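Nothing here was measured: the structure is a model prediction, and the numbers come from that model. Every heavy atom of this structure was used, including side-chain atoms; hydrogens, water molecules and symmetry mates were not. Order of the sequence lines fixes the chain letters, A, B, ..., with proteins taken first and strands second; residue numbering starts at 1 for each chain.
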Number of protein chains: 2
Amino acid sequence: MSSPSPTSRIAGTRRSHEISIADIARVAGVSHTTVSRALRDSPLISQETRKRIQQLALEMGYTPNAIAQSLQTRRTSTIGLAVTSIADPFLSEVVRGVEEIARSAGLSVFLSATHNDPEQEIAVIETFHRRRVDGILVASSRITGEYKQRLDQIRVPTVLINSQAESQYELLHSVAVDDLLGARLAVEHLLALGHRAIGYVGTSSRPRSCRQRLEGYQAALASAGLAPREEWVTIMAAEEASPQEDVLCGRRALLSQLSAGVTAIFCQNDMMAIGILMACHRRGIAVPHELSVVGFDDIEMASCIIPPLTTVRQPRIELGRLAMQVLLDLLHEQEGRNHVLAPMLVVRESTAPPPAL
Amino acid sequence: MSSPSPTSRIAGTRRSHEISIADIARVAGVSHTTVSRALRDSPLISQETRKRIQQLALEMGYTPNAIAQSLQTRRTSTIGLAVTSIADPFLSEVVRGVEEIARSAGLSVFLSATHNDPEQEIAVIETFHRRRVDGILVASSRITGEYKQRLDQIRVPTVLINSQAESQYELLHSVAVDDLLGARLAVEHLLALGHRAIGYVGTSSRPRSCRQRLEGYQAALASAGLAPREEWVTIMAAEEASPQEDVLCGRRALLSQLSAGVTAIFCQNDMMAIGILMACHRRGIAVPHELSVVGFDDIEMASCIIPPLTTVRQPRIELGRLAMQVLLDLLHEQEGRNHVLAPMLVVRESTAPPPAL
DNA sequence: CCGCTGCTTGCACACGTGTGCATTAGCAGT
DNA sequence: ACTGCTAATGCACACGTGTGCAAGCAGCGG
């Protein structure tokens, strides 16, 4: 089950000592200043010595100490990324987009999870500040007014991704998807299929997107001249904001939706829609012939599931890329812009006209 | 679509100046040494001044500079985590386990993607080294002999997670799941259901796990007295090691498996099994009644799909936690141990006895 | 020969924090 | 009063790198 570790190293190489520009300087018979300049290709140093020192650095296995550089230059080339849940398939893609752009700009990424808890979110951000990151990205931020003060201390360029805080503050920048538009697209699709009794299932763990998608849902109904009914709307209480929790919410929400007599359900996200699908499977309800289901996000899984899920695509990787790009602009002293991305309806096989009466 | 950024700050607060212990010392009328000691609760400082300075630090909004601390103490309290793909649902959980343990130990995590490319893997590790991380974790490492030399320079405690390199080197520590055992469990399950013609579908993008699972598959067949047949084994060529790529491999592999006349298929991982399921759905093949399918990993999606997938569960979060724990042991100068975790069969609804002849 | 210019190099300091050693003050014992 | 001891504090240096300024050297025109 286990084997002992290798502890001894090649003798003669002193384990502890990382070589520095001072070491190179000693060997080359110059000052550490010259080495520093030579390695940065400074025109102040003659071509000849430059080459010689660079060659020497290579031979001696020199690796610049980014810590010392950071202390001197007051830039760490590092950003912090806070997400509610690392294993969430939606956020995974956002993280991927962020890392992609960050790396191509020479920045490293600190990743930390907040578990949808404002207290932990603050703690994570304070850790980022201690480490003197150049910028901060927060996905699905729960920061509210009471925490705002504690953050005012920290003067670090920050961009929010799909912020869940009800009141945006103007100090921060943001990138988000247009929830209201997305919800309208989904519900209009159901209306066009002929549905007249359409339910909405959301969760309290992401209050802002829940509210905005509900508003879009209501707006679409209103445009079609349908009166909203309270029993068509199910908001599940939840704190955790994890994929497992979302599936569970979906499964539990099916009953009250069925008793409300809807022929189609629009869900706040794909995981909840999958919960609905699973509950339907258990109860022998055929989707889409007896009930239509629409999700939100278009996570990878949505196209793999049977039946493939009709949903609203959030440009997830783009969201991450764009947020990072905005942060880069801020770091280059340019004026950052807030962006709202348009989502897109993806029709698959979980929606159909309502069953004939 | 966009709005201008807030640029002006509250007047009077100098944006640029982060306050340091020297600033506190000036205000308190003591030396920076005393402040440093007071903040670290050194017994050298009197109770009285200690309290006074800590209070002052709080009022002045002091945040310790981790960069300067790192330079002095030669420890960054930082680790690097390299993964092939950030959006991979398997790795997401591993990352989550790692971050969980790291954070509770006061360490921050650098995350970077290698895209299954040894060249990029080296580059990522070199970046980690420049930043002087205290330790490194690599998931699904592709490091082979030719790169080994370049890594010997870097003397940083390193733990590999499910290494894909064919030849382990003894310099590094590792944590892995027992692929051979997992494959045997899966195939023995199919044999017990009565299957005699069982296929294996793998991908060349993860050579080691592919080979080991193939060996487990062959061992199980041999134990049952069945001769292995070449046409039962399909290895898809792939480089990328992304979830999308895996699904595609599965979809493409179905045809050759069907023409080989198998009644059950064991897949190298869940995403490939999902590809098989999707291809079956298109062609109207009923799973599990006409064909049984078994996956590997037990990712979240496996239980959400219809039919729920029979698969071999890798303890993913445990894998991440354990790897981080081993790294912590190494950092505390304890002797690290290599671990092999046992996987577990999870029977769901994608397997059944073979169709009657 | 002098002064000027351009090229190359080094000195000395800065970044913010931690720590070995010396210093001072206070106090008790003889 | 002198010695010895403890508690509290500060000095000075270290960590590894970047940079303003001065200095040295060579060449060149006057």
Side-chain angles (χ1 to χ4, degrees), chain A residues 14 16-54 56-57 60-78 106 129-134 155, chain B residues 14 16-54 56-57 60-78 106 127 129-134 155-156:
Chain A
R14 299 228 295 281
S16 54
H17 187 60
E18 292 271 358
I19 71 131
S20 70
I21 58 171
D23 297 322
I24 301 179
R26 209 168 300 122
V27 174
V30 297
S31 73
H32 83 274
T33 309
T34 301
V35 176
S36 170
R37 292 201 175 109
L39 293 180
R40 320 189 100 249
D41 265 328
S42 161
L44 286 178
I45 303 300
S46 72
Q47 186 77 10
E48 187 194 7
T49 32
R50 224 189 302 174
K51 290 280 178 198
R52 186 166 59 96
I53 288 176
Q54 287 175 0
L56 198 54
M60 295 176 68
Y62 169 71
T63 306
N65 185 327
I67 297 296
Q69 289 176 329
S70 296
L71 184 60
Q72 169 64 234
T73 62
R74 298 156 149 279
R75 292 193 59 239
T76 54
S77 295
T78 280
H129 183 211
R130 271 214 344 266
R131 299 201 177 279
R132 296 294 190 267
V133 297
D134 292 337
R155 304 298 172 78
Chain B
R14 300 229 294 280
S16 55
H17 188 60
E18 293 272 357
I19 71 129
S20 69
I21 59 171
D23 298 322
I24 300 179
R26 208 169 301 124
V27 174
V30 297
S31 73
H32 83 276
T33 309
T34 302
V35 177
S36 171
R37 292 200 175 109
L39 293 179
R40 319 190 101 248
D41 265 326
S42 162
L44 287 178
I45 304 299
S46 72
Q47 187 76 13
E48 186 194 6
T49 31
R50 226 189 301 175
K51 290 280 178 198
R52 186 168 59 95
I53 288 175
Q54 286 174 0
L56 198 54
M60 296 177 68
Y62 170 71
T63 305
N65 185 328
I67 297 296
Q69 290 176 328
S70 296
L71 185 59
Q72 169 63 236
T73 62
R74 299 155 149 279
R75 291 193 60 240
T76 53
S77 295
T78 279
T127 300
H129 183 212
R130 272 213 343 265
R131 299 200 177 280
R132 296 296 190 266
V133 297
D134 292 338
R155 304 295 172 79
V156 179

Exam field: side chain Ser36(A) to backbone His32(A), donor-acceptor pair closer than 3.5 Å:
no
Does [N] have its OP1 or OP2 closer than 4.0 Å to a side-chain nitrogen or oxygen of [X]?
X: Arg74(B); N: dA14(D); value: no
X: Gln69(B); N: dG18(C); value: yes
X: Arg40(A); N: dG18(D); value: yes
X: Thr34(A); N: dG10(C); value: yes
X: Ser31(B); N: dG10(D); value: yes
X: Thr49(B); N: dT9(D); value: yes
X: Tyr62(A); N: dT17(D); value: yes
X: Ser46(B); N: dT9(D); value: yes
X: Ser36(A); N: dG18(D); value: yes

5′-ward residue of the pair Leu44(A)/Ile19(A) relative to DNA chain D:
Ile19(A)
Nearest-nucleotide 5' precedence on DNA chain D, Val30(B) against Thr73(A):
Val30(B)
When you compare the side chain of [Y] with that of [X], does any pair of heavy atoms fall below 4.5 Å?
X: Arg37(B); Y: Arg40(B); result: no
X: Pro64(B); Y: Gln69(B); result: yes
X: Asp23(A); Y: Ser20(A); result: yes

In this structure, how many angstroms lie between the [atom2] atom of [N] and the [atom1] atom of [X], rounded?
X: Gln72(B); N: dG16(C); atom1: CD; atom2: P; value: 15 Å
X: Glu48(B); N: dG26(C); atom1: CD; atom2: P; value: 14 Å
X: Ile53(A); N: dG18(D); atom1: CD1; atom2: P; value: 13 Å
X: His32(A); N: dT9(C); atom1: NE2; atom2: P; value: 15 Å

For a side-chain contact (heavy atoms from CB on, under 4.5 Å) with Arg131(A), tell me which candidate from Asn65(B), Thr63(B), Thr78(B) qualifies.
Thr78(B)
May I ask you to verify whether the side chain of Ser70(A) and the base of dC15(C) hold a donor-acceptor pair under 3.5 Å?
no
What I want to check is whether an N or O donor and acceptor connect the side chain of Arg37(A) with the base of dG20(D) at under 3.5 Å.
yes
